[in-house]
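Inspection log for the structure reproduced underneath, given as structure tokens.
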2 protein chains.
Amino acid sequence: MATDPKILDSVRCKEIGRSCACYNLRRAARATTRLYDDFLRPSGLRSTQYSMLMVARLRGPVTLTKLAEMTVTERTTLTRNLTILEKKGLIVIEPGKDRRERQVSITELGLEVLIAAVPLWEAAQAHIEQGLGGDRMDSLLKGLSEIISRSCDR
Amino acid sequence: MATDPKILDSVRCKEIGRSCACYNLRRAARATTRLYDDFLRPSGLRSTQYSMLMVARLRGPVTLTKLAEMTVTERTTLTRNLTILEKKGLIVIEPGKDRRERQVSITELGLEVLIAAVPLWEAAQAHIEQGLGGDRMDSLLKGLSEIISRSCDR
DNA sequence: ACTCGAAGCATGTATATACACCTAATTCGC
DNA sequence: GCGAATTAGGTGTATATACATGCTTCGAGT
């Protein structure tokens, strides 16, 4: 494994495409995001927005920090992503008892939009599952879960 | 599967966290990107930049469109990502015989930076592989490959 | 050689992501 | 209670990503 770093032979180079977890996860994320975005388009939601709305519906009201942990997103990223949803009237962000905190909740409108988007999400999901098969899908999701744990554990 | 879209019960909601390929791939991509970025920091390269440089080294000179296909990236995204590498002097983008095309090649400096970054990438990669084990890593990568194919095939 | 559709790219705009740094509110040690 | 450390969050800046649109160049057909 510990070869001379001065030698950058093609065997070494090919690793990026064949074995790099980051590169391949990013490629897969781009590919699936485009697919889901495409299916979700009639709803006006992007993939990220759909999942954020769904988490808000399931776990809300919830603080920014909790939401960031759940979604493995930087708090500051979340702030900006949620601002977009708030401007659309799909969520509200209110101060909690602890006045440092911000509680995120889905609105009536947000719920309506979300409900309308569910069948679109199901279609995208079905497209993927039919291509992979349920078993491989499950083991893939399990692998993703493990790699998230491992990446966050430092 | 085809339940009433008006009913957004919690069973349905939980699907996003448990089964959504897009959501979980994006979460995993964020997690691993942070890990690799962290390891790569001394090199001055981000994960995306590292992989782009490596592909340029392996496949270059190559046109934007080809590079976009290989990396499953929008051509227009690639244009901006490569501009950053070009400004750093790590690659050059030159017109080809066909003057519509742009050929991307790694520079001497780019190669030096890349070579310096390889051990850092190896450390990040090792961290992940040690956590998962080689077998699970392989099956995960295989799954990613399949999901990319399925996502792009529409 | 001329035209026209196709191929290859760039730009405008919007969203997504993260780090460094900053402010405000809370909690803890005394 | 008071001050320091901690916690929750926002802003500035940079990168990453994609769609709609428009421009240039090429090749095929006449």
Side-chain angles (χ1 to χ4, degrees), chain A residues 22-23 25-38 40-41 44-53 61-69 71-88 90 93-104 151-152, chain B residues 22-23 25-41 44-53 62-69 71-88 90 93-104 151-152:
Chain A
C22 186
Y23 175 64
L25 276 168
R26 290 182 70 87
R27 285 202 311 157
R30 283 192 291 269
T32 56
T33 298
R34 279 190 233 166
L35 178 75
Y36 280 72
D37 277 357
D38 206 25
L40 286 172
R41 194 145 302 145
L45 295 175
R46 302 276 213 85
S47 300
T48 303
Q49 299 171 350
Y50 175 84
S51 56
M52 210 58 83
L53 261 191
V62 62
T63 65
L64 278 186
T65 298
K66 289 257 186 194
L67 201 52
E69 282 171 16
T71 59
V72 193
T73 308
E74 264 298 303
R75 227 191 30 256
T76 60
T77 300
L78 211 55
T79 297
R80 320 211 190 208
N81 290 355
L82 292 178
T83 298
I84 294 168
L85 293 177
E86 194 182 27
K87 280 181 183 167
K88 289 185 178 184
L90 306 181
I93 307 177
E94 305 166 306
K97 290 176 197 169
D98 184 336
R99 273 186 298 183
R100 290 171 302 181
E101 293 179 349
R102 300 268 167 178
Q103 300 284 342
V104 178
S151 296
C152 295
Chain B
C22 186
Y23 175 63
L25 276 168
R26 290 183 71 88
R27 285 201 311 156
R30 284 192 291 269
T32 55
T33 298
R34 280 189 232 166
L35 177 76
Y36 281 71
D37 277 357
D38 206 25
F39 275 89
L40 285 173
R41 194 145 304 148
L45 295 175
R46 302 276 214 83
S47 299
T48 303
Q49 299 172 350
Y50 176 83
S51 58
M52 210 58 84
L53 262 191
V62 62
T63 66
L64 279 185
T65 298
K66 290 259 186 193
L67 201 52
E69 281 172 16
T71 59
V72 193
T73 307
E74 265 297 303
R75 237 192 3 267
T76 60
T77 300
L78 211 56
T79 297
R80 320 213 190 206
N81 290 354
L82 292 178
T83 298
I84 294 168
L85 293 177
E86 195 182 28
K87 281 182 183 167
K88 290 185 179 183
L90 306 181
I93 306 176
E94 305 166 306
K97 290 174 195 169
D98 183 335
R99 272 187 296 184
R100 291 171 301 181
E101 293 180 350
R102 300 267 168 181
Q103 299 284 342
V104 178
S151 296
C152 294

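Note on naming: letters A, B, ... go to the chains in the order of the sequence lines (proteins, then strands), and numbering restarts at 1 for each one. No experiment lies behind these values; they were computed from the predicted model shown.
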Hey, which of these two, B:Thr65 or B:Arg80, hits DNA chain C nearer its 5' end, going by closest nucleotide? B:Thr65
For the student: nearest non-hydrogen atoms of B:Leu53 and B:Leu90, plus distance: CD2-O, 3.8 Å
Separation of atom CZ in A:Arg102 from atom C1' in D:dT11, rounded to whole Å: 14 Å
Polar atom pairs (N or O), protein with nucleotides 5-7 of chain D, under 3.5 Å:
unit_1, atom_1, unit_2, atom_2, d
D:dT7, O2, A:Arg100, NH1, 2.8

Atom-pair distance (NZ on A:Lys66; C1' on D:dG9), nearest Å: 16 Å
Sorted by number, residues from residues 28-40 of chain B placing a heavy atom under 4.0 Å from DNA chain C are B:Arg30, B:Arg34
Would you name the heavy atoms of A:Thr32 and A:Ala29 that are closest together and state the gap between them? OG1-O, 3.2 Å
Interatomic distance, A:Arg46 CZ vs D:dA20 P [rounded to whole Å]: 11 Å
Which pair of heavy atoms, one from A:Arg30 and one from B:Thr71, lies closest together, and at what distance? NH2-O, 2.8 Å
Between B:Arg102 (side chain) and B:Ile93 (backbone), is there a donor-acceptor pair under 3.5 Å? no
side-chain hydrogen bond (donor to acceptor under 3.5 Å, both in side chains) with B:Arg27: which residues, sequence neighbours excluded? B:Asn24
Over all atoms of both residues, closest heavy-atom pair of A:Thr73 and A:Leu78: CG2-N, 4.1 Å
Base, sugar-phosphate or nothing for A:Arg26? Non-hydrogen atoms, less than 4.0 Å. sugar-phosphate
Using only atom types and a distance under 3.5 Å, with no angle test, would you say the side chain of A:Asp37 pairs donor to acceptor with the backbone of A:Ser47? yes
Angle separating the five-pair end axes of the helix from C:dA1-D:dT30 to C:dC30-D:dG1, nearest 10°, is 20°
Comparing A:Lys88 and A:Asp98 on DNA chain C - which has the more 5′ nearest nucleotide: A:Lys88
Hey, can you pull the residues of residues 71-78 of chain B with a non-hydrogen atom under 4.0 angstrom from DNA chain D? B:Thr73, B:Glu74, B:Thr76, B:Thr77
B:Arg34 side chain to A:Ser151 main-chain N or O, any donor-acceptor pair under 3.5 Å? no
All heavy atoms of A:Arg80 vs all of A:Thr76, minimum pair found to be CG-O, 3.2 Å
Tell me, please, the opening and closing nucleotides of DNA chain C, 5' to 3', among those with an atom under 4.0 angstrom from a non-hydrogen atom of chain A. C:dT15 to C:dT26
Rounded to the nearest 0.5 Å, how far apart are CD of A:Glu101 and CD of A:Glu94? 13.0 Å
Quick one: OG1 on B:Thr65 to CZ on B:Arg75, what's the gap to the nearest 0.5 Å? 5.0 Å
Work out which heavy atom in B:Gln49 is nearest to a heavy atom in B:Gly44; give both atom names and the distance. OE1-O, 3.8 Å
Out of curiosity, B:Leu82 CG to B:Thr77 OG1, how far, rounded to the nearest 0.5 Å? 10.5 Å
Please check if the number of heavy atoms outside B:Lys88 that lie under 6.0 Å from its NZ is greater than 12. yes
